[in-house]
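Below is one structure, written out as structure tokens; comments come after it.
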Amino acid sequence: MTGVTVFTSLADALRAGFQIYDRTSDGYLVRTQTQQGWAMALVSCKD
């Protein structure tokens, strides 16, 4: 099992092929389609 990817900027997540799925209290929840299904990641924008 793999861990959760956490990006420090939305631009980094978008460059990695993710799209915005939802807003969180400190950033975004993003997702990308893979052969195994959806891969989810977090974007933490607060310091």
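Computed over heavy atoms, backbone and side chain alike; hydrogens, waters and symmetry mates excluded.
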message: Using the rule given for side chain to side chain contact (heavy atoms under 4.5 Å, CB included), can you reason through Leu10 versus Ile20, listing the C-alpha separation, both sets of side-chain angles and the distance that settles it, and then say yes or no?
response: CA-CA 9 Å; Leu10 183 56; Ile20 297 171; 3.8 Å; yes

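- For Phe18 and Phe7, the distance between ring centers is under 6.0 angstrom.
- A side-chain donor-acceptor contact under 3.5 Å links Thr32 to the backbone of Gly17.
- Expressed to the nearest 0.5 Å, how far CG of Leu42 lies from CG of Asp26 amounts to 8.0 Å.
- When all heavy atoms are compared, the tightest approach of Ala39 to Thr34 is CB-CG2, 3.9 Å.
- Under the 4.5 Å side-chain heavy-atom criterion for Ile, Leu, Val, Met, Phe, Trp and Tyr, Trp38 and Val30 are members of distinct hydrophobic clusters.
- Residues Met40 and Tyr28 are members of separate hydrophobic clusters, defined by side-chain heavy-atom contacts under 4.5 angstrom among Ile, Leu, Val, Met, Phe, Trp and Tyr.
- By the rule that hydrophobic residues join a cluster once side-chain heavy atoms approach within less than 4.5 Å of another member, Val6 and Leu14 end up as members of separate clusters.
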